[in-house]
Amino acid sequence: MIRWSTAGESHGKALIALCEGMPAGVEITSDDIRHALARRRTGYGRGSRQKFEADELTILSGVVHGRTIGSPIALEIGNSEWPKWTVVMNPDPVDPKDLLIDAGTGDEREIARNKPLTRPRPGHADLVGMNKYGFDSARFVLERASARETASRVALGQIAKNFLKQVADIEIVGHVVGVGSQTSNAEPPLPSDLPALDESPVRTLDADAAERFVAEIDAAHKDGDTLGGVVEVVAWNMPPALGSYTTAQGRLDARLAGALMSIQAVKGVEIGDGFETARRRGSVAHDEIVRARDGIKRLTNRAGGIEGGMSNGEPIVTRVAYKPISTVPRALQTIDTVTGEAATALHQRSDTTAVVPGVVIAEAMVAQVLAEAIVEKFGGDTVTEIKRNLESWYLAIPKVRR
């Protein structure tokens with residue numbers, strides 16, 4: 001069984017990512033993970049924070065000479081801005097007087113970093129988190145609820161991607177299909193499209209849509225507003241029979257939906273044609289099965305590669321809806337939790353939209369779920385053993401298209 005976990009705060013010294021149960025023999029390097037982290041930092045609509053807050057990766061354990069060794073993998077993603085936050089986020093007690101000056105410059109005119117955050121943002125974890133944990137400031141809520149935590153997920157996702165490619169030739173690629181009111185009808189991207197997608201500032205191969213996405217983001221930025229959007233992630237070369245119909249917890253679509261919904265700002269997930277299928281009649285909603293030269297296949301993929309909670313051998317297609325970022329520059333109405341009076345919500349540096357990096361994060365979560373499912377179905381402690389088990393399974397079911 002593979003288990004993934006993360007720890008750390010947005011302005012803390014570092015984020016920690018932990019993977020337990022990854023088989024031995026997966027080829028992975030620091031550069032692979034650094035590349036993934038760099039992909040997460042790019043995209044049109046990103047704020048200034050991405051330009052100066054670097055991700056400083058260190059592989060602490062579980063990988064030797066570029067290969068996993070079967071023991072837990074621990075990653076540290078250091079925060080280059082930590083020196084400015086050593087007082088505010090210090091794990092040990094500090095003199096209260098130290099919180100009256102700026103932690104980075106010592107300039108008493110710059111105490112914003114240390115001030116209690118008492119004007120919670122609508123749509124954020126601020127207010128409910130303060131109530132839940134008894135905080136009088138939103139600082140410690142936003143530190144963990146921040147989307148910076150997704151750097152850890154992306155790092156773990158790259159390990160999962162390398163495992164999937166090396167064991168089963170599964171490749172995962174995503175693109176943006178909507179920004180605000182603007183949409184794209186581009187076909188699901190192929191693995192060979194990944195370099196071109198990484199070159200696109202809005203991660204789409206649809207040139208017309210790219211222009212409209214950029215214009216939509218520019219308009220929101222000018223208005224002091226934020227935007228949401230929709231991304232699509234496709235997993236190619238899927239073997240059938242991952243997941244199970246026998247239990248609710250074993251259903252692959254349920255596990256994918258849960259993992260994707262766990263991403264900060266995600267408010268909707270669909271598999272395949274999802275909500276569109278709900279508007280169709282049954283005669284045109286399902287994927288008809290035919291015999292082909294290379295085995296059994298489906299004429300369409302409206303189910304998004306999953307039937308009855310199991311992969312069916314077609315590409316797995318998921319779509320994820322991101323809400324607009326809740327740190328809105330033109331500040332929404334809220335209350336001050338100290339005075340109880342009406343106020344405008346706190347505002348810190350933020351992106352106009354996080355939809356473009358949202359693709360990379362969603363890819364990572366899909367990869368983690370599929371890696372878990374591969375190990376559960378085919379078993380084994382090494383890459384070689386799992387590949388052998390997968391090959392044997394295919395030989396035992398000759399009608400399955402490979």
Side-chain angles (χ1 to χ4, degrees), residues 1-6 15-40 55 57 59-63 66-75 77 149-174 191 194 231 233-239 242-243 252-253 255-263 305-306 311 315-318 320 357-387 389-390:
M1 178 186 295
I2 300 179
R3 290 184 292 269
W4 318 89
S5 59
T6 72
L15 298 173
I16 297 297
L18 183 66
C19 171
E20 300 175 83
M22 180 59 61
V26 179
E27 296 177 6
I28 184 76
T29 67
S30 297
D31 284 344
D32 292 338
I33 300 172
R34 288 192 185 102
H35 177 67
L37 292 171
R39 291 180 69 224
R40 172 191 166 275
D55 298 322
L57 174 73
I59 299 178
L60 299 174
S61 67
V63 180
R67 289 179 183 269
T68 58
I69 58 174
S71 58
I73 300 169
L75 310 176
I77 304 171
E149 182 266 349
T150 60
S152 299
R153 302 186 190 215
V154 168
L156 293 172
Q158 189 60 48
I159 299 171
K161 285 183 178 183
N162 283 29
F163 167 76
L164 291 169
K165 173 63 178 173
Q166 293 164 32
V167 166
D169 200 33
I170 296 170
E171 295 188 82
I172 298 171
V173 58
L194 187 55
V231 307
V233 176
V234 187
W236 295 94
N237 304 320
M238 287 298 304
L242 299 186
L252 187 61
D253 43 5
R255 295 168 67 177
L256 284 167
L260 292 166
M261 280 295 294
S262 77
I263 300 170
I306 299 178
S311 61
I316 289 181
V317 182
T318 61
V320 181
V359 173
V360 182
I361 300 162
E363 288 176 353
M365 298 312 295
V366 169
Q368 289 178 33
V369 172
L370 295 183
E372 293 171 11
I374 285 284
V375 170
E376 289 168 8
K377 170 61 181 170
F378 300 108
D381 297 311
T382 69
V383 166
T384 301
E385 185 179 1
I386 297 173
K387 289 176 69 174
N389 294 343
L390 177 59

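Just so you know, residue 1 is the first one in the sequence shown, and it goes up from there.
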Looking at Ser71 and Gly62, what are the two nearest heavy atoms and their distance? OG-CA, 3.6 Å

Could you tell me which non-hydrogen atom of Ala362 sits nearest to which non-hydrogen atom of Ile263, and how far apart they are? CA-CD1, 3.9 Å

Would you say Gln166's side chain and Val383's backbone share a donor-acceptor pair under 3.5 angstrom? no

Closest non-hydrogen contact found for Ile77 with Ala151 is CD1-O, 3.6 Å

Without hydrogens or angle criteria, can the side chains of Gln158 and Asn162 be said to hold a donor-acceptor pair below 3.5 Å? yes

Does any part of the side chain of Met238, heavy atoms only, come nearer than 4.5 Å to the side chain of Leu370, both counted from C-beta? yes

Can you measure from CD (Glu20) to CD1 (Ile73) and round to the nearest 0.5 angstrom? 10.5 Å

Heavy-atom donor-acceptor pair, Ser152 side chain to Ala17 backbone, under 3.5 Å: no

Test side chain to side chain contact (heavy atoms under 4.5 Å, CB included) on Ile374 and Ile170; report intermediate values, then the result. CA-CA 10 Å; Ile374 285 284; Ile170 296 170; 4.1 Å; yes

For Ile28 and Ile59, run side chain to side chain contact (heavy atoms under 4.5 Å, CB included): C-alpha distance rounded to whole Å, both residues' side-chain angles, the deciding distance at 0.1 Å, then the answer. CA-CA 10 Å; Ile28 184 76; Ile59 299 178; 5.7 Å; no

Roughly how far, to the nearest 0.5 Å, is CG of Asp253 from CD1 of Ile306? 5.0 Å

Going through the distances and angles, do Phe378 and Leu242 end up as a side chain to side chain contact (heavy atoms under 4.5 Å, CB included)? CA-CA 9 Å; Phe378 300 108; Leu242 299 186; 3.9 Å; yes

Minimum heavy-atom distance between Ile2 and Gly21, given as atom pair plus value: CG1-O, 3.6 Å

